[in-house]
K.L.:
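Okay, handing you the structure first.
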Amino acid sequence: MNKDIFLTNNLSNKKEKFVPIDKNKIGMYVCGPTVYDDPHIGNARPLVVFDILFKVLKCKYGDKSINYIRNITDVDDKIIKSSQENNISISDLTKKIIKNFNDDCNFLNCENPSSEPKATEHIDLMINMISDLINKNFAYVNNEHVYFEVSKFKDYGKLSNKKLEDLIAGSRVEVSENKRNPEDFVLWKPSNGNEPFWSSPWSKGRPGWHLECSAMAKKFLGNEFDIHGGGIDLLFPHHENEIAQSICANSTKVFANYWVHNAFITMSNEKMAKSQGNILKISDFKKKVSGQVLRFALMSAHYKQPLDWNEKLLNDCKNTLDKWYEVYSSLKTPSKIPDDMLLPLYDDLNTPGYIANLHDLFDKASKGDENNRNIFVSACNFIGLLSETKNQWQDFKKKKSLISEEEILTKIDLRNKARKTKDYDEADKIRKELLDKDVLIEDKNGKTVWKFK
Ligand SMILES: [Zn+2]
């Protein structure tokens, strides 16, 4: 399409026209998972958001013009802690979580990025980058650690709009007696005991987390590239630190030209995060809903807006897909999607605007015209919807319609009444009935909770 793509760039905090460095070789780097635990719905949002951006860029510039890199952080303090707590080796843990992560990406119908480099396979590049930073006097060694000296980079804080004084005053920085200044951040640290380590000129140790993205972006996309993405929680300090490291090590003016961040997923308007204890893992949904429903829910709000996650959202998405599948027919060749239809996606990935266009197109398609029907299915397929055949969709529904949520709650109520009157045979019978329908129940702090097996 002959229209421009616009993106909100956090460097300027404005919506800007996207102008690639080289339209035949567009680079996009998105921070990927730290593989210490199974991905949750909050992690799923950037997967879907940047998958859609990948598709939009390919649509405009051609399939072969986009190099989409998403790293895997497989060395990190959280991984070490989780391996110790769960008594599993680091390599077994990271292998298991990477597999689950890939399964979840498939479940959400996300395309594979062009490359998914692992941090542990690029330690040599990170050591080189640290050496460069030390030689150029942006980093210093102290007591087997290497730190980046933040005050040496005058643009620090530009992306997140933070001033150095505020950072120090707000104690957003980790204090350590090895640092010259509290705001400096670690590039290399020694490993002790049975922590994983690599040899380096400074100590047997491992890199700081921020460094891997700078090193791998350089390898796969060069010193300067087009788009850097991730969740808004990465804006500071992670992305700020990536910029400082890369610009200083590579002696460039910019690192990435466009910084794109998706907002949080909330539950009852609170951020979903492991530390908040309110996470829902993607795998928890696999027996309850089709991945299509999850994908649809994740694109139902604009990527810059928080998305509140609740049962009603999932039900609405499921009902819409049910309706849309009524006109589904598999396509031999996809139809061309009209420019007007695509415009919202070109305009800062406005997925709700695109979904509104899909509703209009559905109304036309449901009147029986085959051409409209083909355009509708093609337009859904474009953003990864209606990717299952009608049979797959209905099979899933059949499987899930063994019991409704309402029936489950009624049964739980009956079981609790039976327990109150000490009719334990009846209570056990109900528990077994639910189990036969793949519903597991558990009594926790005076409440009964349930989930699909
Ligand atoms: Zn990163």
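Values reported hereafter were calculated over all heavy atoms of this structure, with side chains retained and with hydrogens, waters and symmetry mates removed. One is the number of the first residue; the rest follow in order along the sequence. Start at 1 and go down the list; that is how both ligands and their atoms are numbered.
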K.L.:
Tell me if a side-chain donor or acceptor on Thr351 pairs with a main-chain N or O of Ser300 at a distance below 3.5 Å.
P.N.:
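Pair absent, no side-chain N/O of Thr351 close to backbone of Ser300.
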K.L.:
Using the six-membered ring wherever Trp is involved, compare the ring planes of Trp393 and Tyr325 and label them parallel, tilted or perpendicular (cut-offs 30° and 60°).
P.N.:
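Ring orientation, 0 to 90° scale: parallel.
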K.L.:
Tally every protein N/O/S atom whose distance to the Zn ion (ligand 1) is less than 2.8 Å; waters are neither shown nor counted.
P.N.:
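Step by step: take the Zn ion (ligand 1), keep protein N, O, S below 2.8 Å, and you get 4.
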K.L.:
Verify salt bridge (Lys or Arg N to Asp or Glu O under 4.0 Å) between Arg295 and Asp51, making sure each step is shown before the conclusion.
P.N.:
CA-CA 11 Å; Arg295 184 175 176 94; Asp51 184 56; 2.8 Å; yes
K.L.:
Check the pair Tyr29 / Tyr68 against ring-ring contact (aromatic ring centres under 6.0 Å, His included), numbers first and verdict last.
P.N.:
CA-CA 6 Å; Tyr29 188 98; Tyr68 168 23; 9.3 Å; no
K.L.:
Establish, yes or no, whether a centroid distance under 6.0 Å links the rings of Tyr140 and Phe148.
P.N.:
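No, they do not, as the ring centres are separated by 6.0 Å or more.
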K.L.:
Could you check Glu224 against Thr252 for side chain to side chain donor-acceptor pair (under 3.5 Å), going step by step and ending with a plain yes or no?
P.N.:
CA-CA 8 Å; Glu224 294 178 26; Thr252 53; 4.6 Å; no
